[in-house]
Amino acid sequence: MRVLVVEDDHLLSDVVVSGLRSAGFAVDRVESAELGDTALRNEHFDLIVLDIGLPGMTGLEWLRRLRLRPGDESRVPVLMLTARDGLEDRIDGLNLGADDYMVKPFELRELIARSRALIRRTGTITSEVGRFGSLVIDSARRELKFNDHPIELTPREWSILEYLILHANSVVSKDKLLQAISGWDDNLAPNAIEVYVSRLRGKLDHTDVRIRTVRGVGYRIEEPAA
Ligand code: CA
């Protein structure tokens, strides 16, 4: 899952970015709303962590504009970061379409849990531990089991599986997958996705879950019909 952190305080964004990365998110950061705009023009994000007090355009103004855009981009979940005395900001932010907020200083574990919860809302698995086919997926622990037997995945394989399951109702393009699992610093080649998907298929081979290739479009993950 890809997260954009918009925060001008470097100390804070260092902590947030490394925390989210260690939890398995692909994370990019910018220091202003203007740079956030550029990021959104070029890439797809699954969540935006947005500081309200930014130099230049405030986080609130940016959020207002974001929600007015046409298309999918306008619906990306937003978790705002506000000051302890920022009650008005929180109310304004929620009214403008923020999905959740954290008051500084906050516990990193809580930010991670809330980030996961917000992304889940957009997808098919709605709790921390979910089921797809006979697979049991624990997103917080990053544990995958089939018939009580663990399946070991690398972080990349895990990210791909999680993304495909979250979007199980649609065909996910290679480009979307690439964007979902890698940040700007990762430099993954487009054919890397094929390699990861192929390894993932190998590891799911003995289960009832299949990753189908939809020719010319992308991938769709499937569980047996109920
Ligand atoms: Ca700030």
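Numbering of residues begins at 1 and proceeds along the displayed sequence. Keep in mind it's a predicted model, so treat the numbers as computed, not measured. Any value given below was found using the heavy atoms of this structure, including those in side chains, with hydrogens, waters and symmetry copies removed. Numbering of ligands and ligand atoms starts at 1, following listing order.
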Residues Lys104 and Glu7 bridged, charged N to O under 4.0 Å: yes

Identity of the N, O or S atom of Asp8 lying closest to the Ca ion (ligand 1): OD1

Expected output: side-chain Asp9 to main-chain Leu11 donor-acceptor under 3.5 Å: yes

For the Ca ion (ligand 1): the N/O/S atom of Asp51 at shortest distance: OD2

Any N, O or S atom of Asp9 closer than 3.0 Å to the Ca ion (ligand 1): no

Kindly list each side-chain donor-acceptor pair under 3.5 angstrom involving residues 52-65, sequence neighbours excluded, with atom names and distances?
unit_1 : atom_1 : unit_2 : atom_2 : d
Thr58  : OG1    : Leu60  : N      : 3.4
Thr58  : OG1    : Glu61  : N      : 3.1
Glu61  : OE1    : Arg64  : NE     : 3.2
Glu61  : OE2    : Arg64  : NH2    : 2.9
Glu61  : OE2    : Arg65  : NE     : 2.9
Glu61  : OE2    : Arg65  : NH2    : 3.3
Trp62  : NE1    : Asp37  : OD1    : 2.9

Metal proximity, Gly53 vs the Ca ion (ligand 1), N/O/S cut-off 3.0 Å: yes

Inter- and intrachain pairs under side-chain hydrogen bond (donor to acceptor under 3.5 Å, both in side chains), touching residues 87-96, at least two apart: Thr82-Arg90

